[in-house]
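Below you'll find the structure, written out as structure tokens, and then a few comments.
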Amino acid sequence: MKEITTVTVIGAGDMGHGIAQAALLGGLTVHLYDTADESLQRGVGKINDSLEILHRKGKIQDEEMKRCKANLHPTLDFREAVTRSPFIFEAVPEILELKQRLYRDMEAIVSKDTIFASNTSNMRITEIAKNLQHKDRVVGAHFFNPVVLMKLVEVIRGDETSDETMQVAYDLCLKMKKTPVRVEKDSPSFIVNRVNAPVRVLLGGIVDKEIAKPEEIDALMKFNGEPMGHFELSDYVGLDVLYDSGQYRQQVLHADYAPYEKLAEKVKRGDLGKKTGKGFYDWADGRPTIDVNKRTDKLKMSDIDLVKLNEAAKLIEEGVATPADIDLAMISGTGDKVGPIEKHQGINVDDAIRRLELLAERLDKEVLQPANILTDKPEAVFVLEGQR
Ligand code: 3HC
């Protein structure tokens with residue numbers, strides 16, 4: 001099994017620069033590539049700013065800071081970028097054709113054992129690798145925003161990914177001081193984004209129907225100890241990213257996942273959240289202040305939690321992940337203090353089913369309907385021991 005000491009990152013945006021930084025902090029040499037000098041320089045600037053924060057807080061020392069800076073090699077030269085390392089992280093926009101073309105271009109010039117890892121949020125790895133000769137070397141390595149702080153990486157096996165590719169990617173994530181979780185079935189949106197997808201359907205539906213406002217829902221979530229409100233996090237991740245993900249899920253999972261109206265309106269106006277200074281909130285002066293006194297009473301925090309549990313149950317039913325891995329992924333990828341399975345140990349399952357049915361009817365969204373496994377085999381959902 002090869003030991004990786006150098007990696008390439010394609011794309012210097014929010015995720016790409018974060019992946020590059022995590023690799024640097026893991027002691028690796030990094031070639032960071034982007035097509036536009038402005039984007040590349042912005043990415044490098046963000047890495048330097050973040051290293052300065054870590055240094056100021058005493059989390060890294062002078063030596064490490066110097067080493068990280070010296071090991072970063074930004075480049076606009078595609079051939080140079082992809083031929084200089086045995087492991088390539090791809091973090092380009094979520095457009096399937098763009099990714100497929102990129103992988104074909106890479107395959108044409110790299111050695112046949114170079115590994116390609118996609119940071120796609122949702123797309124099946126098998127689809128991305130579809131036109132390649134050596135599909136066994138393509139794997140998913142899905143990081144979470146902000147990469148420097150969030151521990152999780154979902155390591156996803158495509159239909160033809162080899163055991164060796166999975167293992168090299170897994171070990172590399174450990175080297176980058178991350179918490180890798182294996183996703184053995186290549187199912188759209190994998191674990192965390194899939195568990196959160198129906199939450200977006202629920203909360204988007206509530207906002208579209210004007211049952212409650214985004215800031216009232218966020219106030220409820222912050223009041224209940226969530227690190228960010230749903231709409232604050234949406235702005236933080238980028239409304240364009242969520243819009244594209246919604247469209248993809250609409251095509252491959254269910255029509256209910258289509259981007260909700262208020263999200264689509266904002267994207268059409270170019271208000272993409274933090275990155276453009278405006279989304280559901282104004283970010284001109286930094287992170288929005290959320291007043292917990294404005295929390296809605298039209299929804300309960302436990303409704304949001306139940307929707308997560310329900311989708312987690314569907315993932316278990318489909319064999320995508322174990323209950324323990326789902327909890328670990330949710331904790332290390334989103335800052336949840338307790339995973340959806342552990343949180344609902346000992347609940348009255350019949351009551352949960354009834355509440356989910358009511359939510360599905362109230363919002364007219366089939367994807368909120370209870371998972372079959374909750375009725376047929378609930379004991380398979382609530383097992384945590386001996387799973388990892
Ligand atoms: N570099 C280094 N350190 C940084 C930093 C950076 N860029 N940004 C913030 N920090 C540090 C701060 O200095 C602070 O350090 P301290 O605790 O020593 O003072 C610490 O990180 C926490 O920052 P803040 O106090 O500003 O804010 P929070 O306490 O709210 O923590 C957070 C920030 C960890 C991002 C937290 O809000 C959180 O967990 N939010 C949820 C994030 C989430 O769910 N991410 C997943 C999104 S989905 C996704 O990415 C999938 C993709 O496919 C779209």
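Note that this is a predicted model, so its numbers are computed, not measured. Numbering of ligands and ligand atoms starts at 1, following listing order.
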Heavy-atom distances under 4.0 Å decide this one: backbone, side chain, both or neither, for [X] against ligand 1?
X: N122; value: neither
X: V148; value: side chain
X: V192; value: neither
X: P146; value: side chain
X: L149; value: side chain
X: E52; value: neither
X: L233; value: side chain
X: M150; value: side chain

Hey, are [Y] and [X] close enough side-chain-wise for a donor-acceptor pair under 3.5 Å?
X: Q41; Y: D37; result: yes
X: S85; Y: T8; result: yes
X: E80; Y: Y33; result: no
X: E107; Y: H134; result: no
X: E52; Y: N48; result: no
X: T75; Y: D77; result: no

* Geometric cation-pi criterion K178 and F143, 6.0 Å radius, 45° cone ->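 Checked: cation-pi criterion not met.
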
* **Close side-chain approach of L356 to Q369, heavy-atom, < 4.5 Å** =>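 Counting from C-beta outward, L356 and Q369 never come under 4.5 Å.
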
* Flag side-chain contact, heavy atom, 4.5 Å: E127 against L96 ->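 Answer yes - side chains close enough.
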
Distance below 4.0 Å between [atom] and any protein heavy atom?
atom: atom 25 (O) of ligand 1; answer: no
atom: atom 53 (O) of ligand 1; answer: yes
atom: atom 1 (N) of ligand 1; answer: yes
atom: atom 29 (O) of ligand 1; answer: no
atom: atom 22 (C) of ligand 1; answer: no

* To do: Compute the minimum heavy-atom distance from E226 to ligand 1 and say whether it is under 4.0 Å.
  =>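 So E226 does not count as touching ligand 1.
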
* To do: May I ask whether H142 places a heavy atom under 4.0 Å from ligand 1?
  =>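 Contact check H142 vs ligand 1: positive.
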
* Asked: Just by modelled atom types, is the T165 backbone N or O under 3.5 Å from a matching donor or acceptor in the S162 side chain?
  ->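 Yes, the answer is positive, given that a donor and an acceptor are paired below the 3.5 Å cut-off.
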
* Indicate yes or no for a side-chain donor-acceptor contact from D218 to the backbone of F231 under 3.5 Å, with no hydrogens or angles considered. =>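 Yes: the side chain of D218 pairs with the backbone of F231.
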
Closest approach of any protein heavy atom to [atom], naming residue and atom:
atom: atom 6 (C) of ligand 1; answer: S50 OG, 3.6 Å
atom: atom 41 (C) of ligand 1; answer: T334 O, 3.6 Å
atom: atom 46 (C) of ligand 1; answer: G333 O, 3.3 Å
atom: atom 38 (C) of ligand 1; answer: P227 CB, 3.5 Å
atom: atom 49 (C) of ligand 1; answer: F144 CD2, 3.6 Å
atom: atom 19 (O) of ligand 1; answer: K57 NZ, 3.0 Å

* Asked: If you count the non-hydrogen atoms of other residues, nucleotides and ligands that lie under 6.0 Å from CZ in R269, is the total more than 12?
  ->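 It does: R269 CZ has more than 12 such atoms within range.
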
* **N or O pair under 3.5 Å between R287 and ligand 1** =>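 Yes: some nitrogen or oxygen of R287 is under 3.5 Å from one in ligand 1.
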
* **ILVMFWY network linking F223 to M228, side-chain heavy atoms under 4.5 angstrom** =>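 Per the 4.5 Å side-chain linkage, F223 and M228 are not co-clustered.
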
* Shortest reach to atom 18 (O) of ligand 1 by a heavy atom, considering only H17, M15, K59 ->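 It is K59 whose heavy atom sits nearest to atom 18 (O) of ligand 1.
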
